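Quick notes on the structure that follows.
Everything numeric in this text was worked out from a predicted model, so none of it was measured.
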Amino acid sequence: MPELPEVEIVRQSLNKKIIQKSIKKVIVRNRNLRIKVPQNFEKFLENQIISDVDRFSKYLILFLSTGNKLLIHLGMSGTIHLLKHDKKNFLTNTSFYNSPKLPSKHNHIEIFFDKFKLVYNDPRRFGFFEIIKDQYSLEKRFEKLGPEPFNPKFDINYIRNNLRNKKKNIKNFLLDQNFVSGIGNIYASEILYLSKINPNKEGKFMDKIECKKIFTNTKLVLLNAIKRGGSSIKDFKHISGNKGSFQKKFKVYQREGSRCKRKDCEGIIQKKNISNRSTFFCNICQK
DNA sequence: AAGAGGCCCTGATAGC
DNA sequence: TGCTATCAGGGCCTCT
């Protein structure tokens with residue numbers, strides 16, 4: 001589900017609600033996430049105050065008063081919800097408000113604050129919660145990841161130098177988190193459409209102008225998605241249950257068989273598997 | 001070493 | 001109705 005824009009929307013909404021709040025209680029119902037939730041996970045969180053909520057790429061980072069950090073990844077199907085809880089009973093975990101928007105299954109982790117609780121729901125369990133001890137370990141954790149598209153390091157020369165002599169196609173480059181981090185399967189197709197570049201184009205055949213388009217449109221697509229509250233394809237995104245609207249702006253994603261949206265183009269949007277991920281592109285204007 | 005493919009997991013949907 | 005197959009927004013590991 002969540003690419004950089006969706007995770008950024010979650011960060012913003014969490015930031016408003018949980019900063020300076022104290023964690024009263026943590027309940028883990030299923031430890032078998034992508035990374036096993038350790039037995040002592042709860043003790044790292046209980047009685048901690050959240051000092052900040054940050055994001056890198058598709059990762060959320062909650063800063064705790066001890067200096068520990070809680071790293072959260074939503075995987076494919078993870079969602080975070082904030083719900084009121086019955087204060088009298090929350091320690092016994094019996095009587096809760098149940099938001100109609102919150103699925104009844106797969107609520108793996110619940111973090112209780114004074115007046116509400118954070119619920120992590122994730123049917124496929126590709127997401128994870130991980131305690132990171134300090135800033136150094138955090139940097140270590142991310143050291144192999146490439147820069148975000150907004151990082152000045154991600155410039156035209158960086159792109160050109162990485163693509164040079166490479167057989168790997170540009171779609172796979174955009175999905176490669178060690179090259180640039182934060183782009184996922186939806187926005188990769190959208191970026192290539194805006195750039196008029198065929199997703200199968202090999203890195204070594206990308207000229208300077210095309211690299212410049214990648215540089216510009218990567219930021220453009222992600223920023224527009226953030227502005228619109230992200231894309232809600234299947235699940236809801238926001239902690240409130242509200243949906244983003246960027247999916248209405250998709251030029252190619254899930255539009256196979258439809259006409260290309262460029263005024264002067266007669267093309268039809270194609271769907272093709274590239275490295276087992278569905279890829280959408282115009283058969284005429286993406287060269 | 002680079003790059004392709006398998007795999008982790010559940011649920012929704014399509015087709016028979 | 002109830003099977004089976006396919007696909008889904010991610011990323012790590014293995015194999016060639």
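Rounded to whole Å, atom P of B/dC9 lies 12 Å from atom CG of A/Leu33. Atom NZ of A/Lys204 is separated from atom C1' of B/dG3 by 13 Å (rounded to the nearest Å). C/dG9 atom P lies 13 Å from atom CD of A/Glu190, rounded to whole Å. Atoms CG (A/Asn185) and P (C/dC7) sit 13 Å apart, rounded to a whole Å. Rounded to whole angstrom, the span from the CD1 atom of A/Ile35 across to the P atom of B/dC9 amounts to 14 Å. Spacing between atom CG of A/Leu175 and atom P of B/dG5 amounts to 14 Å, rounded to whole angstrom units. In this entry the distance linking CG of A/Asn200 with C1' of B/dG3 reads 14 Å, nearest Å. Going from atom CZ of A/Arg277 over to atom P of C/dC12 covers 13 Å, rounded to whole Å.
Separation of the A/Phe246 and A/Tyr187 ring centroids falls under the 6.0 Å cut-off. Ring centers of A/Phe280 and A/Phe250: at least 6.0 Å apart, outside the cut-off.
Ring pair A/Tyr59/A/Phe128 is tilted by interplanar angle, where 30° to 60° counts as tilted. Between A/Tyr158 and A/Phe179, the two ring planes are parallel [angle under 30°; tilted spans 30° to 60°].
Between C/dG11 and A/Lys58, a contact under 4.0 Å exists linking OP1 or OP2 to a side-chain N or O. Residue A/Ser278 places at least one side-chain N or O closer than 4.0 Å to OP1 or OP2 of C/dA8. Side-chain nitrogen and oxygen atoms of A/His73 include at least one within less than 4.0 Å of the OP1 or OP2 phosphate oxygen of C/dG11.
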Contact list (N/O, under 3.5 angstrom) for nucleotides 10-12 of chain B vs protein:
| residue | atom | partner | partner atom | Å |
| --- | --- | --- | --- | --- |
| B/dT10 | OP1 | A/Arg125 | NH2 | 2.8 |
| B/dT10 | O4' | A/Pro123 | O | 3.3 |
| B/dT10 | O3' | A/His106 | NE2 | 3.1 |
| B/dG11 | OP1 | A/Lys105 | NZ | 2.9 |
| B/dG11 | OP1 | A/His106 | NE2 | 2.6 |

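A side-chain contact (heavy atoms from CB on, under 4.5 Å) with A/Val7 is found for exactly one of A/Lys58, A/Gln12, A/His73, namely A/Lys58.
For DNA chain B, if you chain together Watson-Crick or G-U pairs that step i with j, i+1 with j-1 and so on, the runs of at least three with distances under 3.5 Å are B:2-8 with C:10-16, B:10-16 with C:2-8.
Remark: A/Lys168 qualifies as a cation-pi partner of A/Phe173 under the 6.0 Å distance and 45° angle criteria applied to the six-membered ring. Geometrically, A/Arg262 engages A/Tyr193 in a cation-pi contact, judged by NZ or CZ lying under 6.0 Å from the ring centre and within 45° of the ring axis.
Of the N and O atoms on the side chains of A/Lys208 and A/Asn157, not one donor lies less than 3.5 Å from an acceptor on the other residue. Side-chain contact, A/Arg164 with A/Asn161: a donor N or O sits under 3.5 Å from an acceptor N or O.
Here the CD1-NZ distance, from A/Ile233 to A/Lys243, works out to 10.5 Å after rounding to the nearest 0.5 Å.
With P as the reference atom, C/dC3 and B/dC9 are 23 Å apart, rounded to whole Å. For the P atom pair drawn from C/dC7 and B/dG5, the interatomic distance equals 15 Å after rounding to whole Å.
Proximity note for A/Asn276 (side chain, C-beta onward) versus B/dG3, B/dG6, B/dC8: the nearest is B/dG6.
Look at A/Phe126 and the base of C/dG10; the rings stack, centres closer than 5.5 Å and planes less than 30° apart.
Within the nucleic acid shown, A/Asn172 comes within 4.0 Å of sugar-phosphate atoms alone, with no base atom in reach, counting heavy atoms only. Here A/Lys271 lies in heavy-atom contact (under 4.0 Å) with sugar-phosphate atoms only. Within the nucleic acid shown, A/Tyr59 comes within 4.0 Å of sugar-phosphate atoms alone, with no base atom in reach, counting heavy atoms only. Contact annotation for A/Tyr187: no contact, since no heavy-atom pair falls under 4.0 Å across all strands.
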